[in-house]
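One structure is given here, and the rest of the page talks about it.
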There are 2 protein chains.
Amino acid sequence: MKSNQITIKDIARELDISPSTVSRALKDHPDISPKTKKQVRELAEKLNYQPNSIALSLRSSKSNTIGVVIPQVVHFFFSTIISGIEDIAYAAGYSVMVAQSNESYDREVMDTKALFNNRVDGILVSMSRETTDYAHLEFLHNRGIPMVFYDRVCDSIDCSKVVVDDFDGGYRATKHLIEQGYKRIAHLAGPHSLHMFRQRLDGYKKALQEHGLPIDESLILPENASDDENVAKELTERLLNLDERPDAIFANNDIAALGAMITIKEHGLKVPSDIGIVGFSNWRFTALTEPTITTVAQPGFEMGQEAARLLIEAIEAKDDEVITSVTKVLKTELVVRGSSVK
Amino acid sequence: MKSNQITIKDIARELDISPSTVSRALKDHPDISPKTKKQVRELAEKLNYQPNSIALSLRSSKSNTIGVVIPQVVHFFFSTIISGIEDIAYAAGYSVMVAQSNESYDREVMDTKALFNNRVDGILVSMSRETTDYAHLEFLHNRGIPMVFYDRVCDSIDCSKVVVDDFDGGYRATKHLIEQGYKRIAHLAGPHSLHMFRQRLDGYKKALQEHGLPIDESLILPENASDDENVAKELTERLLNLDERPDAIFANNDIAALGAMITIKEHGLKVPSDIGIVGFSNWRFTALTEPTITTVAQPGFEMGQEAARLLIEAIEAKDDEVITSVTKVLKTELVVRGSSVK
DNA sequence: AACGTCGCCGCAAACGTTTGCATTGAATGA
DNA sequence: TCATTCAATGCAAACGTTTGCGGCGACGTT
């Protein structure tokens, strides 16, 4: 079962004309006579001719492929982003090549290099947790490869970026709790090394200030409660043992929120009547707990779409066009559920 | 900022030798003198030469890319599979091109065509829910493109396949409940149109029979409880209102299991003492509920790995080798947690 | 001196496609 | 009748790389 790809040459030989003519006929070039066009088209149809896009890429130095560097495919937020990217890319005739860094810097470097070698037309990047050296990205940028960052952006490189308004998300989550009448609101923060977690914290602080509430540093637990419910449980224990315990918790992510909720219940306290809870990310399970968890929905799909749009725009810009870098900030949405409504 | 890719020709010109010599020098060909090799290698290093893999692909008619057709990237199980595919593919020097069918037949046809046009070396396919016509896949197969199915397989095409042993999963889940002393075990089944759900049901039945328990059709709710917790809740209501209510529920998926658990609690019953529960898929939240939910873990990562391995093996087989199709059946793992242990 | 050997390297073709330019033959105009 | 025009097509180069084959100079052998 040989792989017998039909080429323009095959058609040309069969019809006893030159490959050039076949090429032009297929493209409906005015130079070619209607009769020849018809013959060519019919034979191409009959043989199920498919243009070899590798040859096309080589000639045009355009691969119609965009590369995506992503920290973790399995995370809901990220896979949603891929879905959004894919949506726009396919509609615009691009294929999507995915490379997963697995939160490893070394892997990220290899991935960008591999994508570069595959001559992707552009690249969408969200950096790994480990990444602090940007040489591999600067290399691509200097080579003129169109690049757009999403979610985890690199400030020192001048290109378009798409981020979530984490500040606003933190602000709205906290404001919501305040409006529900909670007064002592704690925050389970994420690792300060990541910009987004600092933003959520700042939004939290702003909401407190705006409503005349004090910022009590003992209520801000800055440890890495990011992805481990056990850490969250331990931190919540600590909060509940304070002389003046909080009456609400804003967690930097849903897993932490759930961990907090479990611990609170273990202490015989009620959610939301004794303690209110808001999480972050709108994981599916937040709609399935008891009570359901109020959370901040991040627009992953839209983020993927927007990033892909910006990238394709940059790729398809004529050389003389000046592409100005833009940073799109997508709004989050507060999803109010049971855990925060008294 | 022109895209100035360094080519072999650039190196050749700079060193005043021929491109052939450069190519051979870089490949450590014995014909080339050590001195020339050294010069070439040093200059290549200095200019950061990266071979143009498109040109390589064209020459060798091998793209070192594998295509993946996947129904839904955002599903945990599928994204885990991608992760496994990616893992093996990158280790073997292949890039991964992802195309999402979104459970649409039309989209799946377009996707396979697009991947074919991109001249992927092979393709991994899991069919969409809608797919009942296999012409587009047969076309690829007849063209000699190596192909491996995973999870949602097509029986009528002769190629390797990787599936989960859903029968065994259903069997083990049910057996576990029986061993825990549950006697009247209900089953929230998935849509019968999908093979895997029928398998889970059959495994359930086998376990009952093997342990001398009757198969009570009133305890098998065959409706689509697949992805909607509300359906599961309603079905559970029905079960609880039976004259002789069940003392355990095996749900075809974790969401349904959770829905059942919530409903049971609403009725003032206890899990696991009054009613035991087992789910399917090992979604993350099953470890976070109260009680935690016993479930059947599907080896998504391993499935991706295995499928990628089989595909690459087929791709790299010499023409004279005869590739025999194999079907790998991966075992599930029962994850015993709180919801099923009295 | 003539011949063979060997180390090192370059030429040219090939992969499939596009495209500027040249070529052909026929039709038109003077 | 000859030059001009035009429609229709072919030629060849190019994209970047690999590779079979042949060339060439240096050396050793008879």
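Atom set for the values below is all heavy atoms of this structure, side chains included, hydrogens, waters and symmetry mates excluded. To find a chain, count down the sequence lines: A is the first, B the second, and so on, and within it residues start at 1. Please read these numbers as outputs of a predicted model, since none were measured by experiment.
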[X]/[Y] ion pair, N-O < 4.0 Å:
X	Y	value
B/Glu42	B/Lys38	yes
A/Glu86	B/Arg107	yes
A/Glu103	A/Arg152	yes

Going by number, which of residues 45-57 of chain B have a non-hydrogen atom under 4.0 Å from DNA chain D?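 Per residue number, the list reads B/Tyr49, B/Pro51, B/Asn52, B/Ala55, B/Leu56.
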Given [N], is OP1 or OP2 found less than 4.0 Å from the side-chain N or O atoms of [X]?
X	N	answer
A/Ser33	D/dT9	yes
A/Thr21	D/dG10	yes
A/Ser23	C/dT18	yes
B/Thr7	D/dG16	no
A/Lys27	C/dT18	yes

Tell me: [atom1] of [X] to [atom2] of [N], nearest whole Å?
X	N	atom1	atom2	result
A/Leu26	C/dG16	CG	P	16 Å
B/His29	D/dT19	NE2	P	8 Å
A/Ile32	C/dT19	CD1	C1'	12 Å
A/Lys35	D/dT9	NZ	C1'	12 Å
A/Arg13	D/dT9	CZ	P	19 Å
B/Ile8	D/dG16	CD1	P	11 Å
B/Arg24	C/dG7	CZ	P	15 Å
A/Lys62	C/dT17	NZ	C1'	16 Å

Polar pair under 3.5 Å, donor/acceptor by atom type, side chain B/Thr36, base C/dC9: no
Per the end-axis method with five pairs at each terminus, what is the bend angle of the helix from C/dA1-D/dT30 to C/dA30-D/dT1, to 10°?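 Rounded value for the end-axis angle: 80°.
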Using the 3.5 Å cut-off, write out each protein N or O paired with an N or O of nucleotides 22-28 of chain D and the distance between them.
none

Would A/His136 and A/Phe116 count as a close aromatic pair, with their ring centres under 6.0 Å? no
Within a radius of less than 6.0 Å around NZ of A/Lys37, do more than 12 heavy atoms belonging to other residues, nucleotides or ligands occur?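 Yes - once you tally the heavy atoms of other residues, nucleotides and ligands closer than 6.0 Å, there are more than 12.
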